[in-house]
Amino acid sequence: MMRAVLFYVVFGSCLLGTRDSVAQDSLKLTVSGPMVPHKRVEYAVDVDHGTIVARYSAIAPKGFVDESRIGLVTAQEWSSLVSKLKALGVDEMESDSQLKHEVRYRLEWSRGKDIQVWTMDDPSRLEANSARAVISSIRQFVRDRAGHVPFWDNRLLDSEAGHLRVRSEPPGEIVIDGLSLNRVTPILGLKLMSGPHIIELIHPNTGAKWSYPVTIKAGRTTLLNVSLK
């Protein structure tokens, strides 16, 4: 069974300053686990030298290149996000009492000295106005402003993922964005982050490689049918 995927969301307390300062709230959503080719993927909104920025970055294991994106956020946009999360019921969310050994999602909200923590097994099974909507809102907010670093994860939310089907003749080893799946084609339903990806297929006998760029669309299935000759 797949190990859990951990998510951390941290909201800093709001500090009032001079008229030139901005709200010091901050949040960070960290994604890590065996289904992510990067060691860790982070979504963050914080204050950098007096400017609110959205960051999307990947911390890579050996063999991968670190990637990061940054985008500016207005004080009004940040305030709107915080208001949206509150309206979605982040204050009323409860931990999953069935959770025992694995944690897929962990939300931590700090307001001053008050820290609240929620743990959830699978937000996709929860009501729309709960953890799933909160997590989706944070991801979308950061990605819209900072772009995204492609990765794949079977536990991605439906709103940010599509599926890939790959067939080849003869069957070949498949590599996604530089990460070997240790599987051969056919691949009938691999869930991938929406956006561009590089699919490599390796001939089982000669070791020859073929590379195919694909673009995954949310909620759609992309087909790749090739001949390794």
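Being a predicted model, the structure only gives us computed values, none of them experimental.
In the hydrophobic clustering of this structure, V214 does not group with I202; members are Ile, Leu, Val, Met, Phe, Trp, Tyr whose side-chain heavy atoms approach within less than 4.5 Å, directly or through other members. A continuous path of ILVMFWY side-chain contacts below 4.5 Å connects I174 to L224, so both sit in one hydrophobic cluster. Hydrophobic clustering (side-chain heavy atoms under 4.5 Å, transitive across Ile, Leu, Val, Met, Phe, Trp, Tyr) groups V82 together with V134.
A search for side-chain hydrogen bond (donor to acceptor under 3.5 Å, both in side chains) contacts involving S168 returns T185, not counting sequence neighbours. In this view, E169 satisfies the side-chain hydrogen bond (donor to acceptor under 3.5 Å, both in side chains) rule with no residue, not counting sequence neighbours. D48 is linked by a side-chain contact (heavy atoms from CB on, under 4.5 Å) to V53, R55, counting only residues two or more places apart in sequence or in another chain. In this view, D144 and Q140 satisfy the side-chain hydrogen bond (donor to acceptor under 3.5 Å, both in side chains) rule, not counting sequence neighbours.
A pairwise comparison of heavy atoms in G172 and P204 identifies CA-CD, 4.4 Å as the closest pair.
In this structure, S137 contributes its side chain and A133 its backbone to a donor-acceptor pair below 3.5 Å. A distance-only check finds no donor-acceptor pair linking the side chain of D177 to the backbone of H197 [under 3.5 Å].
Rounding to the nearest 0.5 angstrom, the gap separating the NE2 atom in H203 from the NZ atom in K229 is 9.0 Å. From Y43, atom OH reaches atom CZ of R145 across 14.0 Å, with rounding to the nearest 0.5 Å. To the nearest 0.5 Å, atom CZ of residue R69 and atom OH of residue Y56 are 9.0 Å apart. The distance from atom OH of Y212 to atom CD1 of I198, rounded to the nearest 0.5 Å, is 12.0 Å.
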Q.
Would S211 and I199 count as a side chain to side chain contact (heavy atoms under 4.5 Å, CB included) here? Give the steps.
A. CA-CA 6 Å; S211 180; I199 312 301; over 6 Å; no

Q. Could you go step by step and tell me if L72 and I52 meet the side chain to side chain contact (heavy atoms under 4.5 Å, CB included) rule?
A. CA-CA 6 Å; L72 300 181; I52 306 175; over 6 Å; no

Q: Go through the steps for R165 and T221 under the test side chain to side chain contact (heavy atoms under 4.5 Å, CB included), then give the verdict.
A: CA-CA 7 Å; R165 292 184 181 179; T221 297; 3.9 Å; yes

Q: Please test D46 against L27 for side chain to side chain contact (heavy atoms under 4.5 Å, CB included), starting from the C-alpha separation and ending with a verdict.
A: CA-CA 7 Å; D46 56 23; L27 71 83; over 6 Å; no

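Taking the ring centre of F141 as origin, the terminal cationic atom of R143 falls outside the region bounded by 6.0 Å and 45° from the ring axis.
Residues L192 and T222 are not in side-chain contact: their nearest non-hydrogen atoms beyond the backbone lie 4.5 Å or more apart. No side-chain heavy atom of W210 sits less than 4.5 Å from a side-chain heavy atom of V226. Using a 4.5 Å heavy-atom threshold, the side chains of I176 and L164 count as touching. In this structure the side chain of P170 reaches within 4.5 angstrom of the side chain of L228, judged on heavy atoms.
Think of L188 as one node in a network of Ile, Leu, Val, Met, Phe, Trp and Tyr side chains linked at under 4.5 Å; it has no links at all.
Pairs engaging residues 204-222 under the salt bridge (charged side-chain N to carboxylate O under 4.0 Å, His left out) rule: none recorded [sequence neighbours left out].
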